[in-house]
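Residue numbering restarts at 1 for every chain, and letters A, B, ... go by the order of the sequence lines.
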Amino acid sequence: MQMPAPIRAPTFLSKRRFFEQKLADLQKCTDLNQLKQIHALIYKSNLHEDPFVAPKLISALSLCRKMELAVNVFDQVQSPNAHLCNTLIRAHIRNSEPGKAFEVFCEMRWSGILPDNYTYLFLLKACSGLKSVKMIHAHLEKYNFYSDLFVPNSLIDAYSKCGLMGVREAKMVFDVMEERDLVTYNSMISGLVKAGELKEAKKLFDEMPQKDRVSWNTILDGYVKSGDMVSAFELFEKMPSRDVVSWSTVIFGYAKTGDVEMAKVLFDNMPVKNLVTWTIMISGYAEKGLAREAIGLYGQMEKTKLQPDDGTFVSILSASAESGLLGLGKKVHRSITKSRPKCCTVVSNALIDMYCKCGSLNRAWSVFNEMESKDLVSWNAMIHGLAIHGHGQKALHLFNRMKREGFAPDKVTFIGVLSACSHAGLVKDGIRYFYSMESDYRIAPEIEHYGCVIDLLGRGGRLSEAFRVLHDMPFEPNVVIWGSLLGACRMHNDAKLAEEVLDQLVKLVPTDAGNFSMLSNIYAAAGDWGSVANARLRMRNTAGERPSGASSIELNDEFHEFKVMDTTHPKSDKIYEAIDGLNQHLRKIAYVPSLVV
DNA sequence: CTAGGGTTAG
């Protein structure tokens with residue numbers, strides 16, 4: 001490895017100017033080795049308190065993720081000014097520590113340093129909820145910080161990220177503004193689009209005095225996110241000019257609505273692709289389960305100069321997880337290991353989730369154990385993975401270890417814990433954990449938690465109790481819950497309750513013939529053939545079709561797909577022979593597979 | 001130093 005040439009401060013230039021220039025260069029390309037040298041030289045020259053050098057040093061350090069050093073530089077300055085505080089605030093935001101950014105703000109006010117426009121710009125970026133934006137808004141009103149459009153524009157943007165209530169506030173700010181620019185309109189339109197108020201967004205778009213590509217792309221994104229690809233494509237064709245974002249947005253839309261062929265046609269014909277474009281297309285293939293195409297395209301991307309980033313890895317891993325594409329997930333894992341010595345928490349979490357969903361618990365476990373710093377998501381993903389693969393006890397052990405290591409469980413943790421109890425048949429423990437959510441952790445159970453408890457009771461054969469929980473809970477039961485109860489009726493052959501459940505399911509999804517098939521199976525198990533015939537008649541009369549079952553498996557990077565009664569596979573004779581053998585074996589140990597009618 | 005596209009646990 002070649003070491004960079006040592007840096008010497010020339011004597012003919014003022015040292016301050018020299019360091020300023022060097023640090024400015026470092027902002028463009030972060031080089032830790034060079035930065036360390038400059039850091040040392042600055043201290044040697046006693047310039048680390050210089051009001052022009054110190055902010056740039058903090059900024060450069062934060063880009064290299066050396067936050068302890070950045071804070072250290074800040075602490076050594078005797079009397080910091082607003083500019084220096086702003087730099088540290090932004091440094092914390094860059095390293096996804098919005099809480100620390102707010103701490104700096106508090107200290108600043110404590111020591112009497114007056115915040116300026118920039119302070120509020122950065123803080124608005126750090127806000128992650130309506131409350132914090134409102135707090136900043138109050139400050140702005142009190143000290144009247146509206147000398148330029150940057151502050152109100154950022155305020156609209158921050159409010160727009162806070163859901164429906166936030167958009168209302170954003171509109172109020174927008175309405176009272178006497179002067180607006182392009183960014184004002186674009187931020188407001190983006191907020192309306194995010195809130196799903198597409199009509200109002202379009203109205204504003206039509207009204208605005210001038211539009212740029214961001215305006216067009218924002219509306220385009222609105223149509224895409226609402227699934228209206230007809231309007232999206234119409235707009236795409238009408239646009240005065242298209243850039244890589246416009247193309248990527250439309251490709252994303254087609255991929256998400258399932259038309260990957262159309263997405264690929266646009267992908268192949270667009271002038272310039274970037275990392276996001278490739279990510280969208282590869283994830284699109286993966287989400288549809290098209291492993292060969294996704295892997296092929298991933299290989300093609302690796303041949304370009306583009307270096308996949310964390311966003312690319314997370315997106316493709318999540319798509320692999322959804323479709324159970326272990327081969328693709330492993331390929332991405334290999335390229336992560338090749339490209340960086342240590343993988344960050346978010347990417348490791350995505351790996352754990354992918355391996356769990358693809359059934360490779362061993363690999364998930366080793367990623368989990370080798371992580372440098374785990375967060376709540378890591379624990380939740382691993383607990384849930386163990387739970388749904390039948391390792392209920394191990395999942396609960398991990399839950400206890402997580403608490404011992406100082407992590408407070410959240411609502412997602414309890415989904416995993418309750419599933420663990422449900423799958424391991426630990427009915428009593430499950431109920432105990434459910435009650436402890438509120439009493440010990442102050443977490444209000446949501447409909448998913450009730451769903452877990454109903455599933456837990458149903459599987460345990462306590463059907464009437466499950467039914468009572470369903471009636472007493474503060475939510476309207478959804479398809480998932482009724483479905484789980486129907487499954488429990490099948491498991492314990494309760495035809496009477498199944499009829500009741502089915503009536504509810506028909507109201508919610510009248511076209512799902514599969515539910516009648518389940519009912520028919522319950523009657524068949526009881527030998528009530530008249531009711532079987534009746535259920536089958538009702539099944540035929542449903543409007544919808546019963547989707548034909550299919551499954552697939554990856555073996556040595558080959559992809560094999562099977563449909564019902566499929567005989568197209570070259571080894572299908574052998575496969576059916578093996579299935580018969582398995583069935584006979586299962587019957588011997590007293591398990592009767594459900595009758596497929 | 002303000003705005004747009006891909007992102008983890010149910």
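In this structure, A:Asp243 reaches the bases: a heavy-atom distance under 4.0 Å links it to at least one base atom across the strands shown. At a threshold of 4.0 angstrom between heavy atoms, the contacts of A:Phe122 include nucleobase atoms, whether or not backbone atoms are also involved. As judged by a 4.0 angstrom heavy-atom cut-off over every strand, A:Lys357 is placed among residues touching the sugar-phosphate backbone only. The residue A:Lys411 sits apart from the nucleic acid: no heavy atom pair falls under 4.0 Å. Base engagement by A:Asp410 is indicated by at least one non-hydrogen atom pair under 4.0 Å involving a base atom. Heavy atoms of A:Ser283 sit nowhere under 4.0 angstrom from any nucleic acid atom. Using a 4.0 Å heavy-atom cutoff across all strands shown, A:Tyr118 reaches at least one base atom of the nucleic acid. At a threshold of 4.0 angstrom between heavy atoms, the contacts of A:Thr184 with the nucleic acid are absent. A:Val244 comes within 4.0 angstrom of a base, heavy atoms only. Looking at heavy-atom distances under 4.0 Å, A:Thr345 makes no contact with the nucleic acid at all. Among the heavy atoms of the strands lying under 4.0 Å from A:Asp353 are primed sugar atoms or P, OP1, OP2 only; no base atom is included. Using a 4.0 Å heavy-atom criterion, one finds that A:Asn274 contacts the bases of the nucleic acid, with or without backbone contacts as well. At a threshold of 4.0 angstrom between heavy atoms, the contacts of A:Asp181 with the nucleic acid are absent.
Close approach of DNA chain B to chain A, defined as any atom under 4.0 Å from a non-hydrogen atom of the protein, starts and stops at B:dC1 to B:dG10.
Side-chain N/O atoms of A:Ser283 and A:Ser315 include a donor and acceptor closer than 3.5 Å.
With respect to the salt-bridge test (charged N to carboxylate O, under 4.0 angstrom), the residues A:Lys171 and A:Asp175 do not qualify.
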Would A:Tyr298 and A:Trp278 count as a ring pair (Phe, Tyr, Trp, His ring centres under 6.0 Å) here? Give the steps.
CA-CA 8 Å; A:Tyr298 193 82; A:Trp278 283 91; 9.6 Å; no

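Among residues at least two apart or in separate chains, side chain to side chain donor-acceptor pair (under 3.5 Å) pairs with a member in residues 252-272 of chain A are A:Lys256-A:Glu287, A:Lys264-A:Asp268.
Between A:Trp379 and A:Phe407, the ring planes lie tilted relative to each other; the angle falls in the 30° to 60° range.
Residues of residues 361-392 of chain A that place a heavy atom closer than 4.0 Å to DNA chain B, in numerical order, are A:Val377, A:Asn380, A:His384.
Annotation: A:Phe205 is not in aromatic contact with A:Tyr185 [ring centroid separation under 6.0 Å not met]. In this structure, A:Phe434 has its ring center closer than 6.0 angstrom to the ring center of A:Tyr450.
By the 6.0 Å contact criterion, CG on A:Asn400 is enclosed, its count of non-hydrogen atoms from other residues, nucleotides or ligands being greater than 12. Counted within 6.0 Å of CD on A:Glu207, heavy atoms from surrounding residues, nucleotides or ligands total more than 12; the atom is thus considered enclosed.
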